[in-house]
Novice: 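Got a structure for you, written out below as structure tokens; questions coming shortly.
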There are 2 protein chains.
Amino acid sequence: MSTTPPAEPRLRVDAQRNYDAVLAAAHRLFAEHGIDVPMDEIGREAGVGKGTLYRHFPTKDHLYAAVSLERFARLRDRADELASQADPWDALASWVRDFDLSAHHYRGLSGRVSEGLGREDSEVSRACLPMRARADVLLRRAQDSGEMDPNIDIKALLTLVSSLPDSYRDGDGSSNLLDVVLNGLHRAPSPPPTHG
Amino acid sequence: MSTTPPAEPRLRVDAQRNYDAVLAAAHRLFAEHGIDVPMDEIGREAGVGKGTLYRHFPTKDHLYAAVSLERFARLRDRADELASQADPWDALASWVRDFDLSAHHYRGLSGRVSEGLGREDSEVSRACLPMRARADVLLRRAQDSGEMDPNIDIKALLTLVSSLPDSYRDGDGSSNLLDVVLNGLHRAPSPPPTHG
DNA sequence: ACCTGAACACCGTTCAAGT
DNA sequence: ACCTGAACACCGTTCAAGT
């Protein structure tokens with residue numbers, strides 16, 4: 001369950017140290033100032049030059065994807081856990097709440113996630129993939145149970161939730177507007193067939 | 001029902017002509033390329049220098065608000081019309097659909113509207129105000145009827161709807177995701193009181 | 001193989017100089 | 001009173017030169 005970078009060819013020790021320093025700096029600055037902090041500052045905070053910064057993260061989107069990887073991995077595992085929960089709708093709803101919290105972890109991030117999901121070739125889309133596949137299982141199970149709107153697919157669901165505004169969150173970070181969305185997806189369970 | 005600029009002190013003829021040219025150019029370029037076209041290009045298309053451009057629209061947000069004014073005025077009138085419709089929920093839902101269509105009129109615009117609503121002192125907020133007051137009437141009527149979630153106010157409603165992603169729209173421009181939101185706000189009408 | 005920092009491109013905004 | 005365009009600030013990204 002290590003959450004360090006991709007498996008890729010191993011990096012030289014100094015390169016690995018720089019990679020880690022940049023990622024840590026990004027986490028720190030994103031947490032404090034939101035994701036709009038300039039790349040410049042991230043490089044400075046990490047103590048590396050621009051060349052190094054862009055060697056490891058060729059674009060700011062790469063950095064967004066990188067700081068999301070751990071969270072997405074946790075959500076992937078969480079989906080697997082919830083897959084064995086009795087009530088399919090409750091399982092999905094729980095997961096969606098977790099995803100919403102996670103997507104808004106840094107101010108401004110969820111908008112990028114939403115936008116990234118729109119481009120299948122984006123870094124964020126790639127980073128989402130394993131999580132998305134597991135969440136899809138939860139989604140289909142909820143739809144098969146009849147308790148969930150059948151007209152929405154996993155990509156639309158993730159896009160919708162991550163497009164919710166950063167405002168309208170309680171102290172604990174949960175969104176009031178998310179309740180509207182979840183309620184809108186919920187369906188009254190149909191009674192079991194009784195014709196035989 | 002004229003929809004030309006604010007009432008403000010009258011402009012010199014050449015100034016008025018430039019104002020109109022900039023606004024028309026903005027409409028044209030926003031329609032074709034979305035709202036991210038550079039101010040530069042808008043000025044060039046309008047045939048005015050940067051000084052003129054920024055004299056009339058001190059900030060790009062001013063331009064966003066200005067190109068939205070007519071649409072907001074129409075939505076204000078539409079709310080007044082719908083206020084006399086029999087079913088309070090249907091009236092509100094109709095208006096919200098119109099608002100959604102309007103907010104997404106130019107690619108990228110609705111995100112700015114959503115963001116602008118978050119700052120009460122923004123140009124967009126100011127431009128919205130009359131429309132927002134009339135829509136509030138529809139909202140409260142729907143809530144009083146019991147057919148609508150009582151936990152959402154007009155600002156939250158507008159923010160939520162305008163935060164919906166630009167994607168997931170049919171040919172006619174209507175959003176599939178909006179249906180989820182509307183459904184989430186809807187409540188089964190409570191039966192009329194029958195105790196006396 | 002990896003690093004640094006100067007340089008470039010782009011875009012919103014300002015301002016000195018004109019009429 | 002209003003206009004123009006050069007100049008500035010900011011930020012993402014590239015690249016020549018170093019080790």
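Every chain is numbered from 1, with letters handed out A, B, ... down the list of sequences. Treat the numbers as computed from the prediction; the structure is a model and nothing was measured. What you see below is based on every heavy atom in this structure, not just the backbone, and it leaves out hydrogens, waters and symmetry mates.
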Novice: Does anyone know the first and last nucleotide of DNA chain D in reach of chain B, 5' to 3', at under 4.0 angstrom to a heavy atom?
Specialist: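 Going 5' to 3' along DNA chain D, contacts run D:dA1 to D:dA7.
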
Novice: For the pair B:D100 and B:R169, evaluate side chain to side chain contact (heavy atoms under 4.5 Å, CB included) and give the outcome as yes or no after the intermediate values.
Specialist: CA-CA 11 Å; B:D100 171 64; B:R169 297 187 165 269; 2.9 Å; yes

Novice: By the definition side chain to side chain contact (heavy atoms under 4.5 Å, CB included), identify the one residue from A:L109, A:D61, A:V113 that meets it with A:V124.
Specialist: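 By the side chain to side chain contact (heavy atoms under 4.5 Å, CB included) criterion, A:V124 pairs with just one of A:L109, A:D61, A:V113: A:V113.
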
Novice: Please tell me which of A:G51 and A:V37 maps to the more 5' nucleotide of DNA chain D, matching each residue to the nucleotide holding its nearest heavy atom.
Specialist: A:V37

Novice: Do B:D136 and B:L139 make a side-chain contact, defined as non-hydrogen atoms from C-beta onward lying under 4.5 Å apart?
Specialist: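 In contact.
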
Novice: Backbone N or O of B:L158 within a donor-acceptor pair of the B:S162 side chain at under 3.5 Å?
Specialist: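 Confirmed, B:S162 side chain pairs with B:L158 backbone.
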
Novice: So B:R187 and B:D149, do their side chains get closer than 4.5 Å, heavy atoms only?
Specialist: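 B:D149 reaches B:R187 side chain to side chain.
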
Novice: Between B:S102 and B:D98, is there a donor-acceptor pair closer than 3.5 Å when you use the side chain of the first and the backbone of the second?
Specialist: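 No; judged by distance alone, with no hydrogens or angles, the pair does not exist.
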
Novice: Parallel, tilted or perpendicular: which one describes the rings of B:H186 and B:W89, with boundaries at 30° and 60°?
Specialist: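 Taking B:W89 first and then B:H186, their aromatic rings lie parallel (interplane angle under 30°).
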
Novice: Could you write out DNA chain C as a dot-bracket string, with dots for unpaired bases, | for bases paired across to another strand, and Watson-Crick or G-U pairs counted at under 3.5 Å?
Specialist: ||.|||||...|||||.||

Novice: When all nucleic acid strands are considered with a 4.0 Å heavy-atom cut-off, which category describes A:K50: base, sugar-phosphate, or nothing?
Specialist: base

Novice: Can you tell me if A:R107 uses its side chain to pair, donor with acceptor, with the backbone of A:D166 under 3.5 Å?
Specialist: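 Not a single qualifying donor-acceptor pair exists.
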
